[in-house]
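Numbers here are sequence positions counted from 1.
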Amino acid sequence: MAGTGEDVLQYGPGFLWEEIEQAWREYEEAGRPDASEFGLTVTPRGHQVWVRSPNLVVQPSRA
């Protein structure tokens, strides 16, 4: 269900709505950080997204 109470229809190889809901739950659990609290570190080996500190890397979640 969407926030409006409407049904959400999904099709395709993934479940995008479940991923959105999971991301929202994680955002809420993190205390709803402001955009200024997020950062990105890029090196020749790759990149990492973090929140509040480069030591707090945001990891992909599997709902």
Side-chain angles (χ1 to χ4, degrees):
M1 296 289 279
T4 62
E6 299 293 322
D7 289 337
V8 174
L9 302 176
Q10 304 182 90
Y11 61 92
F15 294 102
L16 181 59
W17 190 253
E18 280 84 0
E19 292 177 24
I20 292 169
E21 288 179 331
Q22 179 64 30
W24 182 258
R25 282 191 293 272
E26 292 175 16
Y27 173 72
E28 291 277 309
E29 290 170 5
R32 300 181 78 175
D34 186 67
S36 66
E37 296 181 80
F38 288 89
L40 174 65
T41 300
V42 179
T43 69
R45 294 178 308 216
H47 64 275
Q48 293 181 317
V49 176
W50 48 270
V51 62
R52 297 192 178 103
S53 166
N55 297 327
L56 299 174
V57 175
V58 176
Q59 297 293 333
S61 165
R62 300 292 174 229

> When rounded to the nearest 0.5 angstrom, what distance separates CD1 in Ile20 from CZ in Arg25?
Replying inline: 11.5 Å
>> Looking only at side-chain N and O atoms, does Gln22 offer a donor or acceptor that is under 3.5 Å from a partner on Glu26?
In response: yes
>> Do Leu40 and Val51 sit in one hydrophobic cluster, given that two such residues count as connected whenever their side-chain heavy atoms are within less than 4.5 Å of each other, even indirectly?
In response: yes
> Cluster question for you: counting only ILVMFWY and a side-chain heavy-atom cut-off of under 4.5 Å, with indirect links fine, are Trp50 and Val42 together?
Replying inline: no
> Taking all atoms of both residues into account, what is the closest heavy-atom pair of Arg52 and Pro33, and its distance?
Replying inline: NH2-CB, 3.6 Å
> Between the main-chain N or O of Leu16 and the side-chain N or O of Gln10, is there a donor-acceptor pair closer than 3.5 Å?
Replying inline: yes
> Is the number of heavy atoms from other residues, nucleotides or ligands under 6.0 Å of Tyr27 OH greater than 12?
Replying inline: yes
> Rounded to the nearest 0.5 Å, what separation is found between the CG atom of Leu9 and the CH2 atom of Trp17?
Replying inline: 11.5 Å
> How long is the gap from OG1 on Thr41 to NE2 on His47, to the nearest 0.5 Å?
Replying inline: 10.5 Å
> Charged N to carboxylate O under 4.0 angstrom, Arg32 versus Glu28?
Replying inline: yes
>> I'd like to check the side chain to side chain donor-acceptor pair (under 3.5 Å) partners of Asn55; sequence neighbours left out, ordered by chain and number.
In response: none
